[in-house]
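Below is one structure, written out as structure tokens; the observations come after it.
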Amino acid sequence: MSSSAEAPAFDPWRPSFVADPYPAYAELRERGRVHWFEPSRQWLIPRHADVGALLRDRRLGRTYLHRFGHEEFGRTAPPPEHEPFHTLNDHGMLDLEPPDHTRLRRLVSKAFTPRTVEALVPTIRRLAEEFVDSLVGSGGGDLIATVAEPLPVAVIAEMLGIPPADRPALRPWSADICGMYELSPGEDTARRAVRASVEFSAYLRELIAARRRAPGDDLISGLIAAYDEGDRLTEQEMISTCVLLLNAGHEATVNTTGNGWWALFRHPEQLALLRADPDALLPTAVDELLRYDTPLQLFERWVLEDIEVGGTVIPRGSEVALLFGSANRDPARFDRPDALDLSRADNPHISFGAGIHYCLGAPLARLELIASFGALLRKAPGLRLVKEPERGTNFVIRGLRELQVEL
């Protein structure tokens, strides 16, 4: 087995790396196609072609439990005290493989057909304008808390049928659960994730019971109807699916909004072009912002059978870390990859993944981003930065703590 030496520049726990990981990615790509990273015991994959190929390779999986036990796979079972998180996480379709993944995705995809997503456009636009009006009415403020966070949470909550009074708890629950997706999360992070998993699951169990008694036209009622009609769907799968839709349904949108505006403020010539003709430029601009500062920097997969990447054999039982942020800046695939070009047409970014786990909500996320950026460009044409934002400490799910703006 051959590999490059461990890469010292890659340090996901160093604040300066989290602030700007892209120079380290360039070094990784230059030095080779695969790198062993001892601190997380993972193989780092930094190049676009390899990341895309491995996302589609069925010799890798989001789980191994459909084929192997923990010991058989050379892994240790999670601590018993973490069980509520793993029960919740492991029954969502993102962490399942066929046939369970196929069954769940087929059921949930009915809520994300082009027709159903297009029908949400008026609601998304109305909500975006309401949140932007609130920001404008205050003369500015934190764009993350005022616009970026509430819009996608409101949209997915509407789809699920979660009452408005219950929605303030959703984002904190989601943030605590998503902390477990960072590399080597600590015990405090695990405790918060377990507590959020217990509370969120209990809430959804009550909501599912209420929808059984009085169905609506929401997604939860639709999943219950599918269950009653004989589609194989357990209550735990229902709960895990709802949590996954909330978490995945807003994290990318929140962080692309914050990262995107921060990038625009640092590239005033691109912001001026966007302000001059937002309707024409927004569709390509949104994809370029998703590429330029990727909201999900890393995606993990288990190696179910030996694979070979660039002459390195990666054995069964290993874990690979597919570096989305690096793949999206790969000069072998993108012209001037470190330049922000809102008119970029050839833009096969990997921010929504690929293969069977490609993000089901990608069209919805694009609509939300176009709506929120469009509303801000129209209603706050003089929007400007108050101070340099503070970036969050997380690396895998990359975003800002706040983005203070004024009109």
Side-chain angles (χ1 to χ4, degrees), residues 55 60-67 78 82-112 152-153 155-157 159-162 169-182 185 189-190 192-205 207-208 211 218-220 222-224 226-227 231-254 295-296 298-302 319 322 352-362 364-365 396-397:
L55 284 169
L60 287 84
R62 282 290 292 174
T63 182
Y64 53 79
L65 294 174
H66 61 307
R67 289 180 52 177
H82 295 178
E83 181 272 331
F85 166 79
H86 289 287
T87 295
L88 181 63
N89 184 73
D90 296 353
H91 286 82
M93 62 184 172
L94 182 63
D95 281 82
L96 290 172
E97 293 296 318
D100 290 325
H101 173 272
T102 309
R103 170 175 53 84
L104 274 177
R105 190 172 178 109
R106 185 185 71 247
L107 289 170
V108 177
S109 64
K110 295 174 184 177
F112 290 92
V153 172
V155 171
I156 201 68
M159 293 181 71
L160 290 170
I162 295 175
L170 299 180
R171 175 67 174 164
W173 278 335
S174 174
D176 284 346
I177 290 169
C178 288
M180 286 292 276
Y181 304 140
E182 294 298 314
T189 298
R192 288 193 297 270
V194 166
R195 183 176 63 247
S197 299
V198 170
E199 293 174 358
F200 205 169
S201 296
Y203 170 78
L204 286 168
R205 198 167 279 112
L207 187 61
I208 289 168
R211 288 292 180 274
D218 53 81
L219 181 53
I220 289 177
L223 292 173
I224 292 169
Y227 175 85
D231 270 308
R232 292 180 301 114
L233 181 77
T234 66
E235 183 174 81
Q236 183 58 60
E237 287 173 338
M238 261 191 248
I239 291 168
S240 296
T241 294
C242 292
V243 171
L244 171 63
L245 289 174
L246 177 80
N247 293 350
H250 80 277
E251 285 291 348
T253 311
V254 171
L296 178 66
L298 179 153
F299 195 65
E300 298 168 327
R301 301 292 291 273
W302 295 104
E319 192 175 31
L322 306 176
F352 290 123
I356 67 167
H357 289 294
Y358 180 80
C359 179
L360 196 61
L364 180 62
V396 174
I397 299 176

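Nothing here was measured: the structure is a model prediction, and the numbers come from that model. Heavy-atom basis, side chains included; hydrogens, waters and symmetry copies ignored.
The ring pair (Phe, Tyr, Trp, His ring centres under 6.0 Å) search around F85 returns none, not counting sequence neighbours. In terms of the side chain to side chain donor-acceptor pair (under 3.5 Å) criterion, residue partners of R205 (sequence neighbours excluded) are, by chain and number, E235. With sequence neighbours excluded, no residue forms a ring pair (Phe, Tyr, Trp, His ring centres under 6.0 Å) with H82. Partners of D100 by side chain to side chain donor-acceptor pair (under 3.5 Å), not counting sequence neighbours, listed by chain and number: R103. Applying the salt bridge (charged side-chain N to carboxylate O under 4.0 Å, His left out) test to E182 and every residue at least two apart in sequence or in another chain returns nothing. For R211, the side chain to side chain donor-acceptor pair (under 3.5 Å) partners two or more places apart in sequence, or in a different chain, are D218.
With values rounded to the nearest 0.5 angstrom, W302 atom CH2 is found 11.0 Å from D95 atom CG. Here the OG1-CE distance, from T189 to M180, works out to 8.0 Å after rounding to the nearest 0.5 Å. Taking CG of L364 as the reference point, atom OG1 of T253 lies at 7.0 Å (rounded to 0.5 Å). Remark: E83 CD to D90 CG distance equals 9.5 Å, nearest 0.5 Å. In this structure, NE2 in H86 is found 13.0 Å from NE2 in H91, a value given to the nearest 0.5 Å. Atom SG of C242 sits about 5.5 Å away from atom CG of L204, to the nearest 0.5 Å.
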> Run the side-chain hydrogen bond (donor to acceptor under 3.5 Å, both in side chains) check on S174 and N247 step by step: do they pass?
Replying inline: CA-CA 6 Å; S174 174; N247 293 350; 2.8 Å; yes
>> If you apply the rule side-chain contact (heavy atoms from CB on, under 4.5 Å), what do you find for L296 with Y181, and how did you get there?
In response: CA-CA 10 Å; L296 178 66; Y181 304 140; over 6 Å; no
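Considering all non-hydrogen atoms of both residues, P172 and A169 come closest at CD-O, 3.3 Å. Nearest heavy atom pair, residue L94 against residue R62, reads O-CG, 3.1 Å. Between V254 and P152, the closest heavy-atom pair is CG2-CG, 3.8 Å. The nearest pair of heavy atoms linking L104 to L233 is CD2-CD1, 3.1 Å. Taking every heavy atom of both residues into account, P84 and V194 meet most closely at CG-CG1, 3.9 Å. Nearest heavy-atom pair across A157 and L170 is CB-CD1, 4.1 Å.
The closest side-chain heavy-atom distance from L245 to M159 is not below 4.5 Å. The shortest distance between side-chain heavy atoms of L246 and F200 falls below 4.5 Å. Considering only heavy atoms from C-beta on, L322 stays 4.5 Å or farther from L298 through its side chain. Taking 4.5 Å as the limit, some side-chain heavy atom of I208 sits within range of a side-chain heavy atom of M238.
By the 30° and 60° cut-offs, the orientation of the rings of W173 relative to Y203 is tilted.
For the side chain to side chain contact (heavy atoms under 4.5 Å, CB included) criterion with H357, the lone passing option out of R105, M93, E97 is E97.
A donor-acceptor pair under 3.5 Å is formed between the side chain of S240 and the backbone N or O of L88. Checking side-chain atoms of S109 against main-chain N and O of R106 turns up a donor-acceptor pair under 3.5 Å.
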